[in-house]
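Just so you know, these numbers use all the heavy atoms, side chains as well, and skip hydrogens, waters and symmetry mates. Numbers restart at 1 for each chain; the letters A, B, ... are given by sequence-line order, proteins then strands. The structure presented is a predicted model; accordingly, all values stated were derived computationally and were not measured.
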Amino acid sequence: SQTIHQWPATLVQPVGSPLSLECTVEGTSNPNLYWYRQAAGRGLQLLFYSVGIGQISSEVPQNLSASRPQDRQFILSSKKLLLSDSGFYLCAWKPGAGYTDTQYFGPGTRLTVL
Amino acid sequence: TQLLEQSPQFLSIQEGENLTVYCNSSSVFSSLQWYRQEPGEGPVLLVTVVTGGEVKKLKRLTFQFGDARKDSSLHITAAQPGDTGLYLCAGERYGGSQGNLIFGKGTKLSVKP
(Lines give C-alpha, C1' and ligand atoms only; values in the text may rest on other atoms or scores of the structure.)
Protein backbone atom coordinates (compact mmCIF):
# COMPACT_ATOMS: atom_id res chain seq x y z
CA SER A 1 0.00 0.00 0.00
CA GLN A 2 1.01 3.57 -0.56
CA THR A 3 1.94 5.98 2.19
CA ILE A 4 2.92 9.63 2.20
CA HIS A 5 5.10 11.30 4.78
CA GLN A 6 5.75 14.92 5.60
CA TRP A 7 8.24 16.46 7.98
CA PRO A 8 8.57 18.24 10.11
CA ALA A 9 5.07 18.12 11.60
CA THR A 10 5.43 21.59 13.10
CA LEU A 11 7.93 24.36 12.56
CA VAL A 12 8.46 27.79 14.09
CA GLN A 13 10.82 30.02 12.16
CA PRO A 14 11.85 33.69 12.36
CA VAL A 15 11.15 36.08 9.52
CA GLY A 16 13.97 36.05 6.99
CA SER A 17 15.13 32.53 7.77
CA PRO A 18 15.23 29.75 5.14
CA LEU A 19 12.70 26.94 4.85
CA SER A 20 12.78 23.34 3.72
CA LEU A 21 9.76 21.05 3.97
CA GLU A 22 10.01 17.50 2.74
CA CYS A 23 7.45 15.10 1.37
CA THR A 24 8.05 11.48 0.40
CA VAL A 25 5.75 8.85 -1.03
CA GLU A 26 6.20 5.10 -0.66
CA GLY A 27 4.68 2.20 -2.54
CA THR A 28 4.20 3.82 -5.94
CA SER A 29 6.26 4.97 -8.91
CA ASN A 30 6.12 8.14 -10.99
CA PRO A 31 3.38 9.82 -8.97
CA ASN A 32 2.13 13.33 -9.60
CA LEU A 33 3.03 15.40 -6.54
CA TYR A 34 1.42 18.53 -5.17
CA TRP A 35 2.07 21.20 -2.55
CA TYR A 36 -0.91 23.06 -1.07
CA ARG A 37 -1.28 25.75 1.56
CA GLN A 38 -4.41 25.90 3.67
CA ALA A 39 -5.68 28.96 5.47
CA ALA A 40 -6.98 28.31 8.97
CA GLY A 41 -9.78 25.74 8.71
CA ARG A 42 -10.53 26.52 5.08
CA GLY A 43 -9.96 25.37 1.53
CA LEU A 44 -6.70 24.48 -0.15
CA GLN A 45 -4.59 26.65 -2.43
CA LEU A 46 -2.41 24.77 -4.91
CA LEU A 47 1.17 26.09 -4.83
CA PHE A 48 3.17 23.69 -7.00
CA TYR A 49 2.75 20.41 -8.83
CA SER A 50 5.16 18.01 -10.47
CA VAL A 51 4.62 15.23 -12.99
CA GLY A 52 8.20 13.96 -12.91
CA ILE A 53 11.74 14.41 -11.62
CA GLY A 54 12.89 17.98 -12.12
CA GLN A 55 9.51 19.07 -13.53
CA ILE A 56 7.88 21.77 -11.44
CA SER A 57 4.90 23.94 -12.27
CA SER A 58 3.96 26.91 -10.15
CA GLU A 59 0.35 27.94 -9.73
CA VAL A 60 0.85 31.22 -7.90
CA PRO A 61 3.74 33.69 -7.71
CA GLN A 62 5.18 33.73 -4.23
CA ASN A 63 8.13 33.60 -1.94
CA LEU A 64 8.38 29.83 -2.20
CA SER A 65 9.96 27.33 -4.58
CA ALA A 66 9.70 23.58 -5.06
CA SER A 67 12.02 20.85 -6.25
CA ARG A 68 11.73 17.17 -7.06
CA PRO A 69 15.19 15.64 -6.83
CA GLN A 70 13.91 12.05 -6.79
CA ASP A 71 10.83 10.31 -8.14
CA ARG A 72 9.07 10.13 -4.81
CA GLN A 73 10.49 13.17 -3.06
CA PHE A 74 9.05 16.67 -3.20
CA ILE A 75 10.60 19.61 -1.37
CA LEU A 76 9.15 23.03 -0.61
CA SER A 77 11.70 25.78 0.05
CA SER A 78 12.18 29.43 0.72
CA LYS A 79 15.32 31.52 0.99
CA LYS A 80 13.74 34.13 3.26
CA LEU A 81 10.46 33.53 5.04
CA LEU A 82 7.78 36.19 5.34
CA LEU A 83 5.11 36.48 8.03
CA SER A 84 2.54 35.72 5.34
CA ASP A 85 4.14 32.32 4.73
CA SER A 86 2.64 31.01 7.97
CA GLY A 87 0.08 28.30 7.39
CA PHE A 88 -0.65 24.60 7.10
CA TYR A 89 1.24 23.01 4.23
CA LEU A 90 -0.04 19.83 2.69
CA CYS A 91 1.64 17.49 0.24
CA ALA A 92 -0.45 15.18 -1.92
CA TRP A 93 0.13 12.51 -4.55
CA LYS A 94 -1.85 11.03 -7.41
CA PRO A 95 -1.04 8.03 -9.59
CA GLY A 96 0.78 9.33 -12.63
CA ALA A 97 -0.61 6.66 -14.91
CA GLY A 98 -4.21 5.67 -15.31
CA TYR A 99 -7.29 7.78 -15.16
CA THR A 100 -8.03 8.92 -11.64
CA ASP A 101 -8.35 12.40 -10.29
CA THR A 102 -8.16 11.37 -6.67
CA GLN A 103 -5.34 12.85 -4.64
CA TYR A 104 -4.09 11.46 -1.35
CA PHE A 105 -2.79 13.80 1.30
CA GLY A 106 0.01 13.70 3.81
CA PRO A 107 -0.42 14.68 7.46
CA GLY A 108 0.70 18.27 6.86
CA THR A 109 3.23 20.70 8.34
CA ARG A 110 2.16 23.59 10.52
CA LEU A 111 4.50 26.51 9.83
CA THR A 112 4.55 29.58 12.07
CA VAL A 113 6.71 32.50 11.04
CA LEU A 114 7.41 34.98 13.85
CA THR B 1 -14.03 33.56 -8.72
CA GLN B 2 -14.63 30.46 -6.63
CA LEU B 3 -15.32 27.62 -9.06
CA LEU B 4 -16.67 25.26 -6.41
CA GLU B 5 -19.08 26.79 -3.92
CA GLN B 6 -19.79 24.84 -0.76
CA SER B 7 -22.71 25.52 1.51
CA PRO B 8 -23.26 26.00 4.28
CA GLN B 9 -19.86 27.24 5.42
CA PHE B 10 -20.59 26.35 9.04
CA LEU B 11 -23.05 23.89 10.52
CA SER B 12 -23.65 23.12 14.18
CA ILE B 13 -26.16 20.41 14.99
CA GLN B 14 -27.15 18.00 17.75
CA GLU B 15 -26.28 14.32 17.73
CA GLY B 16 -28.93 12.32 15.86
CA GLU B 17 -29.92 15.04 13.42
CA ASN B 18 -29.64 14.72 9.65
CA LEU B 19 -27.78 17.20 7.45
CA THR B 20 -26.90 17.90 3.84
CA VAL B 21 -23.84 19.71 2.52
CA TYR B 22 -23.80 21.06 -1.02
CA CYS B 23 -21.04 21.60 -3.56
CA ASN B 24 -22.05 23.63 -6.63
CA SER B 25 -20.39 24.93 -9.75
CA SER B 26 -21.19 26.31 -13.17
CA SER B 27 -18.39 24.15 -14.58
CA VAL B 28 -18.56 20.50 -15.57
CA PHE B 29 -16.28 18.09 -13.72
CA SER B 30 -14.92 14.76 -14.87
CA SER B 31 -15.06 13.55 -11.29
CA LEU B 32 -15.58 14.91 -7.83
CA GLN B 33 -14.08 13.93 -4.51
CA TRP B 34 -15.23 14.47 -0.95
CA TYR B 35 -12.70 14.70 1.86
CA ARG B 36 -13.00 15.03 5.62
CA GLN B 37 -10.33 16.83 7.55
CA GLU B 38 -9.77 17.02 11.29
CA PRO B 39 -7.80 19.88 12.89
CA GLY B 40 -4.07 19.57 12.39
CA GLU B 41 -4.33 16.65 9.97
CA GLY B 42 -4.41 16.17 6.23
CA PRO B 43 -7.71 15.64 4.38
CA VAL B 44 -8.82 12.02 4.17
CA LEU B 45 -10.65 10.84 1.08
CA LEU B 46 -14.24 9.73 1.68
CA VAL B 47 -15.44 9.04 -1.85
CA THR B 48 -14.91 9.73 -5.54
CA VAL B 49 -17.91 10.04 -7.86
CA VAL B 50 -17.39 9.93 -11.60
CA THR B 51 -20.74 9.28 -13.32
CA GLY B 52 -23.52 11.84 -13.62
CA GLY B 53 -26.36 10.89 -11.29
CA GLU B 54 -24.17 8.49 -9.34
CA VAL B 55 -25.05 7.79 -5.72
CA LYS B 56 -22.58 6.25 -3.30
CA LYS B 57 -23.18 5.25 0.28
CA LEU B 58 -20.62 4.98 3.04
CA LYS B 59 -22.40 3.82 6.19
CA ARG B 60 -24.47 6.87 7.26
CA LEU B 61 -23.05 9.08 4.51
CA THR B 62 -24.70 9.35 1.10
CA PHE B 63 -22.96 11.12 -1.77
CA GLN B 64 -24.61 12.16 -5.00
CA PHE B 65 -23.15 13.54 -8.21
CA GLY B 66 -25.47 15.74 -10.22
CA ASP B 67 -26.76 14.53 -13.57
CA ALA B 68 -24.93 17.36 -15.33
CA ARG B 69 -21.75 16.75 -13.30
CA LYS B 70 -21.75 20.32 -12.02
CA ASP B 71 -22.76 19.70 -8.45
CA SER B 72 -22.69 17.19 -5.62
CA SER B 73 -24.20 16.68 -2.22
CA LEU B 74 -23.27 14.87 0.96
CA HIS B 75 -26.05 13.74 3.25
CA ILE B 76 -25.35 12.45 6.76
CA THR B 77 -28.04 10.52 8.59
CA ALA B 78 -28.17 10.51 12.39
CA ALA B 79 -25.01 12.56 12.82
CA GLN B 80 -22.59 11.61 15.57
CA PRO B 81 -19.87 13.64 17.34
CA GLY B 82 -17.29 11.64 15.40
CA ASP B 83 -18.59 13.22 12.19
CA THR B 84 -17.27 16.59 13.35
CA GLY B 85 -14.73 18.04 10.94
CA LEU B 86 -14.15 20.07 7.81
CA TYR B 87 -15.76 18.58 4.71
CA LEU B 88 -14.11 19.52 1.44
CA CYS B 89 -15.28 18.84 -2.08
CA ALA B 90 -12.82 18.88 -4.96
CA GLY B 91 -13.08 18.23 -8.66
CA GLU B 92 -11.16 18.20 -11.87
CA ARG B 93 -12.67 20.21 -14.70
CA TYR B 94 -12.81 18.82 -18.19
CA GLY B 95 -9.75 20.16 -19.97
CA GLY B 96 -7.95 20.72 -16.69
CA SER B 97 -4.23 20.14 -16.58
CA GLN B 98 -2.26 17.37 -14.92
CA GLY B 99 -5.11 16.12 -12.78
CA ASN B 100 -5.17 19.33 -10.80
CA LEU B 101 -8.10 19.54 -8.44
CA ILE B 102 -10.15 22.58 -7.64
CA PHE B 103 -11.21 22.70 -4.00
CA GLY B 104 -14.19 24.27 -2.36
CA LYS B 105 -13.62 26.28 0.81
CA GLY B 106 -15.21 23.59 2.92
CA THR B 107 -18.07 23.11 5.34
CA LYS B 108 -17.13 23.08 8.99
CA LEU B 109 -19.43 20.64 10.79
CA SER B 110 -19.81 20.45 14.54
CA VAL B 111 -21.96 17.69 16.03
CA LYS B 112 -22.73 18.17 19.70
CA PRO B 113 -23.55 15.24 21.98
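The CD atom of B/Glu41 sits 14.0 Å away from the CZ atom of A/Phe105 when rounded to the nearest 0.5 Å.
Under the 4.5 Å side-chain heavy-atom criterion for Ile, Leu, Val, Met, Phe, Trp and Tyr, B/Val44 and B/Leu109 are members of distinct hydrophobic clusters. When the side chains of ILVMFWY residues are joined at heavy-atom separations under 4.5 Å, either directly or via intervening members, B/Val47 and B/Leu58 end up in a single hydrophobic cluster. Side-chain heavy atoms closer than 4.5 Å link hydrophobic residues (I, L, V, M, F, W, Y) into clusters, and following such links, possibly through other members, connects A/Leu19 to A/Val15. Note: the hydrophobic cluster containing A/Leu90 also contains A/Leu46 (ILVMFWY, side chain heavy atoms under 4.5 Å, direct or indirect links). Two different hydrophobic clusters hold B/Val21 and B/Val55 under the rule that ILVMFWY side chains link at heavy-atom gaps under 4.5 Å.
With a 4.5 Å cut-off on side-chain heavy atoms, A/Leu44 and B/Lys105 do not count as touching.
Tested against A/Thr102 for a side chain to side chain contact (heavy atoms under 4.5 Å, CB included), the candidates B/Val50, B/Thr48, B/Leu101 yield a single pass: B/Thr48.
The backbone N or O of A/Gln103 sits less than 3.5 Å from a side-chain atom of B/Tyr35, completing a donor-acceptor pair.
Listed by sequence position, A/Phe88 are the residues of residues 69-88 of chain A in contact with chain B, using a 4.5 angstrom heavy-atom cutoff.
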